[in-house]
Amino acid sequence: MRGKWVIVGSAAVLAVLIAVAVAVVPRGRSAKATSSETATSPAAAAAEINLSGKIRAQHVIGVAPPLEGTISAFLVDVGQQVFEGQLLARLTNEGLEAGQQNAKRDLEITQSRVSNLESAIISGRLEASRARADASRARSEYDRLDRAYRRQQTLFNEGATPKQTFEKSTREFQQAQSEFDTLDRVAAAAEAQVSELIKSLDAEKRTLREKTESMETATAQSGATELVSPAEGIVVGRNGEVGQTVGPNKADFIQIATQPSLLEVILEPDPPTMRRIQPGQPALVSLPDQGADGMLGKVKGSDGNQVLVEFTSPNPAIKPGMIAQVRIKIN
């Protein structure tokens with residue numbers, strides 16, 4: 001009888017153990033599945049956003065044509081480094097070119113007149129000097145014969161000299177007087193002509209200064225058709241084609257990044273992702289194709305449906321226009 005109860009008790013204990021085991025095993029499996037789901041849940045995976053976008057410079061200045069004209073040549077390419085004062089493009093303006101040619105022609109004509117007047121003045125002064133010298137010699141001879149004539153006239157009046165001698169002295173005096181008067185008029189005319197030439201030269205020189213100023217203005221305006229870089233940097237954009245007409249209103253005619261190391265990536269996330277991105281969130285920017293290491297950056301802000309991530313590049317090979325991968329850490 002005792003043995004029978006022992007068997008019955010053992011069977012009861014075994015049944016209890018089996019029931020406990022059956023209850024425990026599913027509970028353990030359920031806990032394991034829950035743990036696995038938590039580790040691979042979307043919330044955990046979404047702690048980081050991966051996007052790609054195009055790189056652009058943070059600081060860009062636009063160089064506009066100084067006046068209206070036709071593009072005759074671009075002298076720099078996108079991606080090229082330029083220095084301040086470097087020639088970027090050349091324009092053609094027919095009106096300015098015609099104005100410069102007219103100013104040049106007027107200046108050359110005036111310069112020729114000035115040169116001719118200067119030569120004429122030199123020649124005129126030489127002729128006036130010779131004429132005045134001849135008049136001076138004639139004056140000396142006239143003075144000498146005048147004294148001789150007066151003496152002979154006095155002697156003749158007193159009957160102290162023959163009439164023929166007096167008449168000869170008179171003829172010589174009158175001839176000297178006539179010659180002196182003629183040469184004196186010639187010298188005076190030559191000197192007057194020199195004075196007139198000098199006045200004309202002064203007037204032409206004033207005109208020459210005006211024409212020179214006009215030429216300088218026309219040259220400066222023509223030079224304005226040559227577009228130069230206002231700063232050092234990298235060309236990141238050109239707008240226009242050779243033969244196209246452009247003007248000062250085209251502010252982004254040529255775009256230059258003035259601080260090439262300060263860059264930003266333009267991202268275009270979908271609306272749900274956009275709502276999860278906030279300014280100041282840390283980011284990692286990488287360019288696998290360039291073999292570049294990741295560069296630390298941060299979300300700068302948003303512009304419409306775009307997100308801007310700014311970063312500083314230590315590698316000059318990384319330039320605007322390249323495609324970068326961006327990983328944004330979500331808090």
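When reading the values below, keep in mind they use all heavy atoms of this one structure, side chains included, and skip hydrogens, waters and symmetry mates.
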Inset, instruction - Please lay out, stage by stage, how Phe173 and Phe166 fare under the test ring pair (Phe, Tyr, Trp, His ring centres under 6.0 Å). - result: CA-CA 10 Å; Phe173 165 70; Phe166 170 67; over 10 Å; no
Legend entry - Euclidean distance, Thr245 OG1 relative to Leu91 CG, rounded to 0.5 Å: 9.5 Å
Inset, instruction - Determine, using the 4.5 Å side-chain heavy-atom cutoff (strictly less than), whether Leu87 and Val235 are members of one ILVMFWY cluster. - result: no
Inset, instruction - Measure the shortest side-chain to side-chain distance between Leu227 and Phe253 over non-hydrogen atoms and say whether it is less than 4.5 angstrom. - result: yes
Inset, instruction - For this output row, return yes or no: ring centroids of Phe156 and Tyr149 closer than 6.0 angstrom. - result: no
Legend entry - Short side-chain to backbone donor-acceptor contact, Asn239 and Asp252, under 3.5 Å: yes
Inset, instruction - Locate the shortest heavy-atom distance separating Glu68 from Pro248; write the atom from each residue and the value. - result: N-CD, 3.9 Å
Legend entry - Test item: Ser129 side-chain N/O and Arg125 main-chain N/O as donor-acceptor pair under 3.5 Å: no
Inset, instruction - May I ask whether Met322 and Leu267 are part of the same hydrophobic cluster, defined by side-chain heavy atoms of I, L, V, M, F, W, Y residues being less than 4.5 angstrom apart, directly or through others? - result: yes
Legend entry - Connected via hydrophobic side-chain network under 4.5 Å: Val246 and Val63: yes
Inset, instruction - Answer yes or no: is there a side-chain heavy-atom contact under 4.5 Å between Lys329 and Gln281? - result: no
Inset, instruction - Look up atom NZ in Lys199 and atom CD1 in Ile121, then write down how far apart they are to the nearest 0.5 Å. - result: 12.5 Å
Inset, instruction - Could you check if a side-chain atom of Val307 sits within less than 4.5 angstrom of a side-chain atom of Met274, using non-hydrogen atoms only? - result: yes
Legend entry - Test item: side-chain donor near acceptor, Arg113 and Asn116, under 3.5 Å: no
Inset, instruction - Return the minimal non-hydrogen interatomic distance between Gly294 and Ser286, and the atom names on each side. - result: CA-CB, 4.2 Å
Inset, instruction - Answer yes or no: is there a side-chain heavy-atom contact under 4.5 Å between Lys205 and Glu118? - result: yes
Inset, instruction - Check the pair Ile71, Arg90 against side chain to side chain contact (heavy atoms under 4.5 Å, CB included), reporting the backbone distance first and the verdict last. - result: CA-CA 6 Å; Ile71 304 172; Arg90 187 175 285 113; over 6 Å; no
Legend entry - Greater than 12 external heavy atoms within 6.0 Å of Glu172's CD: yes
Inset, instruction - Return yes if some donor-acceptor pair links the side-chain N/O of Ser200 with the main-chain N/O of Glu196 below 3.5 Å, else return no. - result: yes
Legend entry - Minimum side-chain heavy-atom gap Leu287-Ile55 below 4.5 Å: yes
Legend entry - Gln193, CD atom: more than 12 neighbouring heavy atoms under 6.0 Å: no
Legend entry - Ionic contact status for Arg105 with Glu108, cut-off 4.0 Å: no
Legend entry - Exceeds 12 heavy-atom contacts within 6.0 angstrom, atom CZ of Arg327: no
Legend entry - Shortest non-hydrogen separation from Leu145 to Ala176 and the atoms involved: CD1-CB, 3.4 Å
Inset, instruction - Over all heavy atoms of both residues, which pair between Ala73 and Val242 is shortest? Give the atoms and the distance, please. - result: CA-CG2, 4.3 Å
Inset, instruction - List the atom of Val236, the atom of Ile256, and the distance in Å for their closest heavy-atom pair. - result: CG2-N, 4.3 Å
Inset, instruction - Starting at CD of Glu232, measure out to CD of Gln81 and round the result to the nearest 0.5 Å. - result: 6.0 Å
Legend entry - Pair Gln86, Ser229: side-chain N/O donor-acceptor within cut-off below 3.5 Å: no
Legend entry - Any side-chain heavy-atom pair of Glu310 and Val265 under 4.5 Å: no
Legend entry - Sub-4.5 Å side-chain heavy-atom contact between Leu51 and Val309: no
Inset, instruction - Find out if a path of hydrophobic residues (ILVMFWY) with successive side-chain heavy-atom gaps under 4.5 Å connects Ile328 to Leu308. - result: no
Legend entry - Exam field: side chain Ser214 to backbone Glu210, donor-acceptor pair closer than 3.5 Å: yes
Inset, instruction - Give the minimum heavy-atom separation between Lys250 and Pro65, together with the two atoms involved. - result: O-CD, 3.5 Å
Legend entry - Expected output: side-chain Asp270 to main-chain Thr273 donor-acceptor under 3.5 Å: yes
Inset, instruction - Would you indicate whether the side-chain heavy atoms of Phe311 and Val326 approach each other to under 4.5 Å? - result: no
Legend entry - N-O pairing of Asp143 and Arg139 below 4.0 Å: yes
Legend entry - CD (Gln244) with more than 12 external heavy atoms under 6.0 Å: yes
Inset, instruction - State whether the number of non-hydrogen atoms from other residues, nucleotides or ligands found under 6.0 Å of Lys104 atom NZ is greater than 12. - result: no
Inset, instruction - Taking only Lys NZ, Arg NE, NH1 and NH2, and the carboxylate oxygens of Asp or Glu, determine whether Arg206 and Asp202 approach each other closer than 4.0 Å. - result: no
Inset, instruction - Tell me, with the steps shown, if Arg185 and Asp181 meet salt bridge (Lys or Arg N to Asp or Glu O under 4.0 Å). - result: CA-CA 6 Å; Arg185 286 193 297 269; Asp181 290 341; 5.0 Å; no
Inset, instruction - Give a yes or no answer on whether the side chain of Thr258 reaches the backbone of Gly233 with a donor-acceptor pair at less than 3.5 Å. - result: no
Inset, instruction - Can you measure from OG (Ser261) to CE (Met295) and round to the nearest 0.5 angstrom? - result: 11.5 Å
Inset, instruction - Evaluate whether atom NZ of Lys298 has more than 12 neighbouring non-hydrogen atoms of other residues, nucleotides or ligands under 6.0 angstrom away. - result: no
Legend entry - Distance (rounded to the nearest 0.5 Å) between Ile266 CD1 and Asp303 CG: 9.0 Å
Inset, instruction - Starting at CD of Glu48, measure out to CG of Leu284 and round the result to the nearest 0.5 Å. - result: 8.0 Å
Inset, instruction - Sequence neighbours left out, what passes side-chain contact (heavy atoms from CB on, under 4.5 Å) with Pro260? Give chain and number order. - result: Ile234
Inset, instruction - Please answer: with hydrophobic residues joined when any side-chain heavy atoms are less than 4.5 Å apart, are Leu263 and Val60 in the same cluster? - result: no
